[in-house]
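The structure under discussion appears below in the form of structure tokens.
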Amino acid sequence: MADRSESGPDTDRRPINEQRRRRIEKIAELQALGIAPYPDRFPRTHTLAEAAALPEDARGLALAGRLILRRRFGKLTFGHIQDHDKAFQIALERDKVATGSLAGKEAYAVFQQLVDLGDFIGCEGDLMRTKTGELTLAVQRFTLLAKSLRPLPEKWHGLRDLELCYRQRYLDLIMNAETRARFALRRRVIAAFREGLDREGFVEVTTPTLVPTASGALATPFVTRHEALDMPAYLRIAPETYLKRLIVAGYDKVYEFAQSFRNEGMDPSHLQEFMLLEYYCAFWNYEDNMRFTERLLPAVITAATGSPVVKFQGREIDFTPPWPRIAFRDALARYAGAAPEDFPTLAALRAEVKKRVPEAAGIEHMGRGNLLDQLYKKCVRPQLAGPLFLVGHPIELSPLARRSDADASLTDRFQVLAGGREIVNAYSELVAPLEQRERFEEQMALRRAGDAEAMAAEDDYLLCMEYGMPPTSGWGLGLERFLCLLADRENLRDVVFFPFMRPQSEAGGAAEAAPGDTGAAPAPQGV
RNA sequence: GGGGGCAUAGCUCAGCCGGCAGAGCAGCGCCCUUUUAAGGCGAAGGUCGGAGGUUCGAGUCCUCCUGCCCUCACCA
């Protein structure tokens with residue numbers, strides 16, 4: 001797009017802002033001086049972090065960044081330019097600076113009057129040290145790289161308004177180093193998981209996000225429509241059954257960072273769109289998997305944060321292995337004083353849950369598994385600081401998990417608990433196709449009985465299983481929840497760049513203008 | 001979905017018992033060659049989220065609406 005198009009019609013319908021209008025005027029003034037407001041490139045020699053590591057007599061640097069601070073004196077100006085990783089001081093002297101075809105006083109005036117905080121600029125010059133010892137680029141030539149039209153948030157307090165941080169994350173990232181650090185942590189954690197899994201021989205794969213049946217978890221899917229096939233389609237709620245198909249296909253070890261979608265309530269601990277990391281390993285059982293988990297998580301945490309000890313909500317959680325193991329039944333008995341065998345009938349258990357968790361809804365429709373789960377979630381889990389392995393979950397809670405050989409009412413399943421939260425859910429997979437079909441049918445019966453959580457059956461997956469699935473153990477982790485633990489954050493939105501927000505018009509509640517209705521006097525036509 | 005809280009200049013925030021709409025930063029005009037949120041002087045900048053109501057008078061009190069935060073329920 002040609003530079004001059006920027007001085008063309010201004011169709012922004014939002015209330016006129018004085019500063020924005022002034023900056024648009026500056027574009028024309030720059031162009032009149034032969035200065036392009038949006039040039040196409042700048043040959044940068046170093047990032048700002050690289051520049052900061054150079055010897056202080058380094059010469060001939062070309063640095064680029066967003067101008068974020070400026071301290072003007074009469075004939076000397078200090079400023080800071082910022083790139084993603086670093087802010088760096090620049091100094092311009094009136095009689096020693098140039099831009100475009102201008103030099104000295106005229107070039108200096110361009111910097112003072114036509115360059116604004118928020119603009120991207122390129123700066124060429126030599127390093128020096130100021131009287132106060134700060135490594136600084138003495139700028140001989142600067143180049144405007146992009147004119148910004150809106151003022152940045154406050155330079156000292158940054159962007160504080162939570163709603164603006166979510167809606168305009170780019171401003172949050174520009175202004176708040178803590179936010180940048182949080183997303184750098186996300187990047188490091190993902191890289192560390194990849195490294196840990198790759199080194200173990202796992203293969204990263206991609207499976208469908210758009211699916212004909214939402215399976216693999218107990219959740220309400222987002223529904224959409226496949227027009228060409230004239231059928232409903234769903235966004236996946238988990239990658240599980242597709243990854244297991246690949247196990248059947250002969251991949252021994254697969255994993256996926258699977259963006260998943262669940263159409264359920266919004267609160268600080270639930271996102272509609274989130275990332276599940278799942279892996280599956282053929283020939284492992286859940287015990288093998290626990291041993292690997294005990295190696296993988298400390299390695300990832302240490303790689304990402306520098307220590308296996310996580311500080312969370314004022315507590316220290318040490319992931320150094322080994323971690324204690326506790327059976328689901330024992331946890332209920334010890335922390336809730338209510339072992340499952342104390343309530344042999346559904347009615348007795350239901351009465352107990354009603355007594356202890358009176359606020360829970362839908363108790364009448366819950367099966368035995370969900371009733372026990374209520375007791376666990378409300379009375380036991382909050383007390384578990386961890387890290388620890390919770391094992392031996394009731395079979396009703398785990399329709400895709402292998403039945404325990406020792407106790408038919410239990411599954412070969414474990415969860416990793418830390419900070420009162422479930423970090424990992426894993427089990428020996430159910431690989432027997434006929435039993436899987438029965439378990440799905442039990443879920444469908446629960447569904448018909450009113451338990452909305454029960455899992456949907458998936459015939460295509462059952463077909464796949466009938467060709468033979470090796471013994472396998474699978475593992476899943478909610479990436480955002482894990483990141484919140486490492487970043488000591490309560491709200492999952494804090495570790496997602498652009499959380500889903502209800503749209504809001506910029507006019508502050510005014511109705512959306514119809515197309516073509518500019519709502520303001522159009523600016524003069526350019527070109 | 002229930003309950004509680006917040007919404008004032010581009011940003012960060014004051015605004016008392018209902019009585020002229022405020023500050024800092026940013027921006028604008030001046031002064032200033034070593035600053036670190038530079039400093040000094042000056043002039044601007046507002047649909048107090050929106051719509052009603054009470055009142056002589058509403059940023060302030062009441063009702064409704066919108067958005068966000070917290071919390072409970074549901075869910076990972």
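If you measure from atom CZ of A:Arg70 to atom C1' of B:G39, you get 16 Å, rounded to the nearest angstrom. Rounded to an integer number of Å, the gap from CE of A:Met266 to P of B:A73 is 19 Å. One atom, CH2 of A:Trp156, and another, P of B:U12, lie 16 Å apart when rounded to the nearest Å. The CZ-C1' distance, from A:Arg22 to B:G10, rounds to 16 Å in whole Å. Rounding to whole angstrom units, CG of residue A:Asn263 and C1' of B:C74 are separated by 13 Å. At whole-Å resolution of the value, CG in A:Leu162 and P in B:C70 are 7 Å apart. Going from atom CG of A:Asp161 over to atom C1' of B:G49 covers 12 Å, rounded to whole Å. The nearest whole Å value for the distance from the CG atom in A:Leu117 to the C1' atom in B:G27 is 9 Å.
You can call A:Phe78 stacked on the base of B:U35; the centres are under 5.5 Å apart and the planes sit within 30°.
Comparing the P positions of B:C64 and B:G1 gives a spacing of 16 Å, expressed to the nearest Å. Taking the C1' atom of each, B:G53 and B:A21 are spaced 23 Å apart, rounded to whole Å. Between B:G67 and B:C28, the distance separating the two P atoms is 37 Å to the nearest Å. Rounded to whole Å, the P atom of B:G57 lies 34 Å from the corresponding atom of B:C13. Comparing B:G59 with B:C48, their C1' atoms sit 5 Å apart, to the nearest whole Å. B:G50 and B:U8: their C1' atoms are spaced 15 Å apart (whole Å). The same atom, P, is picked in B:G5 and in B:C65; the two are 16 Å apart, to the nearest Å. B:A73 and B:G15 have their P atoms separated by 35 Å, given to the nearest Å.
Centroid-to-centroid, the aromatic rings of A:Phe111 and A:Phe142 come within less than 6.0 Å. Proximity of the aromatic rings of A:Phe498 and A:Tyr170 is defined here by a centroid distance below 6.0 angstrom, and this criterion is not met. A ring-centre distance under 6.0 Å is not found for A:Phe414 and A:Phe328.
At B:A38, one or more side-chain N or O atoms of A:Arg71 fall inside 4.0 Å of OP1 or OP2 (strictly under the cut-off). Side-chain nitrogen and oxygen atoms of A:Lys75 include none within less than 4.0 Å of the OP1 or OP2 phosphate oxygen of B:U35. At the phosphate of B:C74, OP1 or OP2 sits under 4.0 Å from a side-chain N or O atom of A:Gln374. For B:G27, the OP1/OP2 oxygens have no side-chain nitrogen or oxygen of A:Lys155 closer than 4.0 Å.
Set against B:C11, B:U71, B:G27, the side chain of A:Pro153 has B:C11 as its closest nucleotide.
Across all strands shown, A:Leu271 has heavy atoms under 4.0 Å from base atoms, whether or not it also approaches the sugar-phosphate. In this structure, A:Tyr166 reaches the sugar-phosphate backbone alone: every heavy-atom distance under 4.0 Å involves primed, P, OP1 or OP2 atoms, never a base. A:Met175 comes within contact range of no nucleotide atom at all, as no heavy-atom separation falls under 4.0 Å. Looking at heavy-atom distances under 4.0 Å, A:Arg167 makes contact with sugar-phosphate atoms alone, never a base. Residue A:Leu164 is in sugar-phosphate contact alone, with no base atom involved, counting any heavy-atom pair closer than 4.0 Å across all strands shown. Backbone-only contact: A:Arg160 has heavy atoms under 4.0 Å from sugar-phosphate atoms and none from a base. Here A:Arg129 lies out of heavy-atom contact (under 4.0 Å) with every strand. In this structure, A:Lys26 reaches the sugar-phosphate backbone alone: every heavy-atom distance under 4.0 Å involves primed, P, OP1 or OP2 atoms, never a base.
The glycosidic torsion of B:C41 lies more than 90° away from 0, which places this base in the anti conformation.
Side-chain to base pairing of A:Glu134 with B:U35: no donor and acceptor N or O lie closer than 3.5 Å to each other. Judged by distance alone, with hydrogens and angles left aside, A:Glu154 brings no side-chain donor or acceptor close enough to the base of B:A26 to form a pair under 3.5 Å. For a distance-only test at 3.5 Å, the side chain of A:Asp267 fails to qualify as a donor-acceptor partner of the base of B:C70.
Of the N and O atoms on the side chains of A:Glu278 and A:Tyr280, at least one donor lies less than 3.5 Å from an acceptor on the other residue. In this model, a donor atom of one side chain and an acceptor atom of the other lie less than 3.5 Å apart for A:Tyr108 and A:Thr77.
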* Asked: Given the rule in the side chain to side chain contact (heavy atoms under 4.5 Å, CB included) test, do A:Val254 and A:Tyr279 qualify, once you have shown the distances and angles that lead to the verdict?
  -> CA-CA 6 Å; A:Val254 292; A:Tyr279 68 72; over 6 Å; no
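Two residues, A:Leu152 and A:Glu93, neighbour RNA chain B, and the one matched to the more 5' nucleotide by heavy-atom proximity is A:Leu152. Closest-nucleotide positions on RNA chain B for A:Arg502 and A:Gln19 were compared, and the one nearer the 5' end corresponds to A:Gln19.
Classification of A:Arg20 and A:Glu25 as a salt-bridged pair fails, no side-chain N sitting under 4.0 Å from a carboxylate O.
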